Amino acid sequence: MAAIGSCFSKFCSALFLLVFFHGRTNAKLSTNFYSKSCPNLLPTVKFIVHSAIMKEARMGASLLRLFFHDCFVNGCDGSILLDDDISSFIGEKNAAPNRNSARGFNVVDDIKSAVEIVCPGVVSCADILAISARDSVTILGGPYWDVKLGRRDARTASQAAANNNIPSPSSNLNQLISGFNAHGLAPRDLVALSGGHTIGQARCTTFRARVYNESNIDPSFARTRQRNCPRETGSGDNNLAPLDIHTPTYFDNSYFKNLIDRRGLFHSDQQLFTGGGFTDSIVRGYSNNPRSFRSDFAAAMIKMGDISPLTGSMGEIRKNCRRVN
């Protein structure tokens, strides 16, 4: 009996530890995660995001893009914010999709500093990215959604993973669908999230081939873009053009109307309409029904925010978003 009692006691202890650690590492995100530990978090973030966008409207698109590029590389874990650590890893900031284009890091630094004052050591950089993306969209006229929180920060980053997982502006429709599917995102999510290109700007080097070489493009639109994007590689590579020719600083459904008019700036944008036909009906639907687009965009952002977060005891809460503790 003593042996049985001892065995049972060990079993209970093991079971407790298993449940404890399982719960710690598989904690779920929730919209009220910081309601007690950092009640002033949301207004603190929104104030700084609003100030940054008032100084430069493009910053809203930049912060949205940071969150997207973070989530598509090993999950929404704040890894994109890390500077290179020569002794441990080469980070994502200088990966091809981010080099000379990812921006907004200083704004994230400002948010983190302000949040650390009101609740030190509590809020992750990964969650700051998620909130700032939502606030950027809302401030620029887009939908509001309740952001699920509780992510923790990665202790490493991967330039190779960024190069391999972030969709390219030259991607075709099959590549886009496959890439999004790998992250649990359906074709409808792909189209809705691509609608984020209703705000922001792009460098000449990302759309040069389209405006000079492609036929599925409105000729007058191509000529307009060519005026600020020379044909020769290395000439004007960093010259900017709006992703949405009509309302580049307002979040609306003009992006989809542009696609129907063959005025998508990226090859990957235009692939959503007549790039095989599979997503044409979704584009038409969003162009005719802005409410549907807003609703689906918000739902897709929540879904994207669920990609492989670090929770419980995984990762850490960084003190400085640019480096591990």
Side-chain angles (χ1 to χ4, degrees), residues 20-30 33-34 37-38 41 45 62-113 115-116 119-133 147-168 179-185 193 301 303-325:
F20 176 77
F21 284 113
H22 181 79
R24 288 283 301 273
T25 57
N26 289 277
K28 291 185 178 180
L29 305 180
S30 67
F33 187 84
Y34 297 110
S37 60
C38 193
L41 170 62
V45 175
S62 299
L63 292 171
L64 174 61
R65 185 170 182 258
L66 275 185
F67 183 54
F68 176 82
H69 282 208
D70 184 45
C71 290
F72 263 57
V73 182
N74 297 325
C76 310
D77 60 4
S79 59
I80 193 173
L81 303 173
L82 288 170
D83 291 337
D84 293 350
D85 184 333
I86 297 175
S87 64
S88 302
F89 60 83
I90 302 299
E92 299 161 26
K93 289 182 177 180
N94 286 309
N98 297 326
R99 189 184 311 119
N100 298 323
S101 64
R103 56 198 302 275
F105 299 107
N106 290 339
V107 176
V108 174
D109 291 340
D110 290 343
I111 296 171
K112 180 62 173 176
S113 296
V115 170
E116 285 295 301
C119 41
V122 173
V123 180
S124 68
C125 300
D127 277 344
I128 285 173
L129 277 182
I131 300 167
S132 62
V147 179
K148 292 199 286 185
L149 301 167
R151 301 170 190 81
R152 289 168 65 84
D153 296 320
R155 292 191 175 101
T156 188
S158 172
Q159 185 176 110
N163 283 327
N164 292 330
N165 287 287
I166 297 174
S168 165
F180 275 68
N181 182 67
H183 297 288
L185 298 168
L193 290 171
M301 286 294 292
K303 193 172 178 181
M304 185 177 73
D306 283 340
I307 298 175
S308 305
L310 300 176
T311 58
S313 60
M314 297 186 291
E316 65 181 12
I317 303 297
R318 282 185 223 139
K319 297 176 183 177
N320 181 330
C321 290
R322 292 175 181 263
R323 59 177 180 266
V324 298
N325 292 340

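Everything numeric here is computed off the predicted structure, so don't read it as measured data. Any value given below was found using the heavy atoms of this structure, including those in side chains, with hydrogens, waters and symmetry copies removed.
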Q: Sort and list the pairs that fulfil salt bridge (charged side-chain N to carboxylate O under 4.0 Å, His left out) and have at least one residue in residues 124-133, not counting sequence neighbours.
A: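 Residue pairs passing salt bridge (charged side-chain N to carboxylate O under 4.0 Å, His left out), neighbours aside: Asp127-Arg151.
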Q: Can you run down the salt bridge (charged side-chain N to carboxylate O under 4.0 Å, His left out) pairs that involve residues 88-102, sequence neighbours left out, and say none if there aren't any?
A: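 For residues 88-102: Asp83-Lys93.
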First locate atom [atom1] of [X], then atom [atom2] of [Y], and finally report the distance between them rounded to the nearest 0.5 Å.
X	Y	atom1	atom2	answer
Phe67	Met304	CZ	CE	5.0 Å
Ser62	Asn106	OG	CG	11.5 Å
Leu81	Cys125	CG	SG	6.0 Å
Phe105	Arg322	CZ	CZ	7.5 Å

Is any side-chain heavy atom of [X] less than 4.5 Å from a side-chain heavy atom of [Y]?
X	Y	answer
Ile317	Val122	no
Ile80	Leu129	yes
Asp77	Met314	no
Ile111	Ser132	yes
Asn325	Arg318	yes

Which heavy-atom pair separates [X] from [Y] by the least distance, and what is that distance?
X	Y	value
Pro167	Phe72	CD-CD2, 3.8 Å
Val73	Ala161	CG1-CB, 3.6 Å
Ala130	Val147	CB-CG1, 3.8 Å
Cys38	Val123	SG-CG2, 3.9 Å
Leu63	Gly104	CD2-O, 3.9 Å
Ala126	Gly78	CB-N, 3.6 Å

Taking side-chain hydrogen bond (donor to acceptor under 3.5 Å, both in side chains) as the test, write out the residues that go with [X], two or more places apart.
X	result
Asp306	Lys148
Ser113	none
Asp85	Ser87
Asn98	His69

(Q) Please list all pairs meeting disulfide (SG to SG under 2.5 Å) that have one or both residues in residues 66-96, counting only residues at least two apart or in different chains. (A)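 Found Cys71-Cys76.
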Results of side chain to side chain contact (heavy atoms under 4.5 Å, CB included) for [X] - residues two or more places apart only:
X	result
Phe33	Ser30, Leu149
Ser308	none
Ser101	Arg65, Arg203

Q: With sequence neighbours left out, write down each residue that passes salt bridge (charged side-chain N to carboxylate O under 4.0 Å, His left out) with Arg103, or none if nothing qualifies.
A: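 If we apply the salt bridge (charged side-chain N to carboxylate O under 4.0 Å, His left out) test to Arg103, skipping adjacent residues, the hits are Glu56.
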Q: Say whether, by atom type as modelled, one donor and one acceptor occur between the side chain of Asp109 and the main chain of Cys321 under 3.5 angstrom.
A: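 No; zero donor-acceptor contacts below 3.5 Å.
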Q.
Once side chain to side chain donor-acceptor pair (under 3.5 Å) is applied, what residue pairs with a partner in residues 153-164 remain, sequence neighbours excluded?
A.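 Output for this query lists Arg155-Glu316.
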